[in-house]
Amino acid sequence: GNGRSILDDEDEVISIREAAIFALCESPADAYPVLERIALSSPHPQLRRNALFWLADSDDPRAVDLFESILLGPTEV
């Protein structure tokens with residue numbers, strides 16, 4: 001498994017889920033969609049903060065857009 005199921009299991013200990021986030025970031029697979037989902041919708045503030053940290057640490061240009069949308073709100077089209 002790639003650790004994603006552990007991230008979706010609400011009964012898992014937070015530290016295990018944080019370790020899963022870290023492992024996901026270290027893998028060559030595209031972690032961005034999973035990190036974005038956690039950052040925007042996890043019920044656990046600590047996991048949202050952790051996902052945002054890794055998104056900020058990434059070189060993914062989508063992370064800049066995500067932070068901009070969080071900080072500025074929806075943009076007018």
Side-chain angles (χ1 to χ4, degrees):
N2 56 13
R4 292 179 189 194
S5 61
I6 211 169
L7 293 171
D8 294 322
D9 186 348
E10 292 300 326
D11 296 329
E12 288 295 333
V13 179
I14 293 291
S15 61
I16 293 173
R17 295 170 75 182
E18 287 181 330
I21 291 172
F22 175 76
L24 184 63
C25 295
E26 295 296 301
S27 74
D30 184 10
Y32 180 87
V34 179
L35 290 174
E36 180 183 55
R37 179 173 57 84
I38 295 166
L40 295 176
S41 62
S42 173
H44 304 286
Q46 191 170 342
L47 289 179
R48 289 198 307 270
R49 185 166 49 246
N50 200 263
L52 287 167
F53 170 84
W54 288 109
L55 286 168
D57 194 55
S58 76
D59 292 327
D60 196 314
R62 293 173 293 181
V64 175
D65 293 336
L66 176 64
F67 279 99
E68 192 173 86
S69 70
I70 291 170
L71 294 170
L72 302 177
T75 56
E76 300 280 331
V77 178

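Fair warning: this is a prediction, and the values are worked out from it, not measured in the lab. These values consider heavy atoms only, across backbone and side chains, with no hydrogens, waters or symmetry-generated copies.
Ile70 contributes atom CD1, which lies 5.0 Å from atom CG of Leu52 (distance to the nearest 0.5 angstrom). Distance check, rounded to the nearest 0.5 Å: CG of Asp30 to CG of Leu24 gives 9.0 Å.
For the pair Ile38 and Leu47, the tightest heavy-atom approach, listed with the atom from each and the gap, is CG2-O, 3.6 Å. The minimum heavy-atom distance linking Cys25 with Leu35 is given by the pair SG-CD1, 3.7 Å.
For the pair Glu36/Arg62, no side-chain contact is recorded, criterion being any heavy-atom separation below 4.5 Å from C-beta on.
Looking at residues two or more places apart in sequence or on another chain, you find a ring pair (Phe, Tyr, Trp, His ring centres under 6.0 Å) between Phe22 and Trp54. The side chain to side chain contact (heavy atoms under 4.5 Å, CB included) test applied to Ser58 returns Asp60, Ala63, not counting sequence neighbours. Arg49 is linked by a side chain to side chain contact (heavy atoms under 4.5 Å, CB included) to Gln46, counting only residues two or more places apart in sequence or in another chain.
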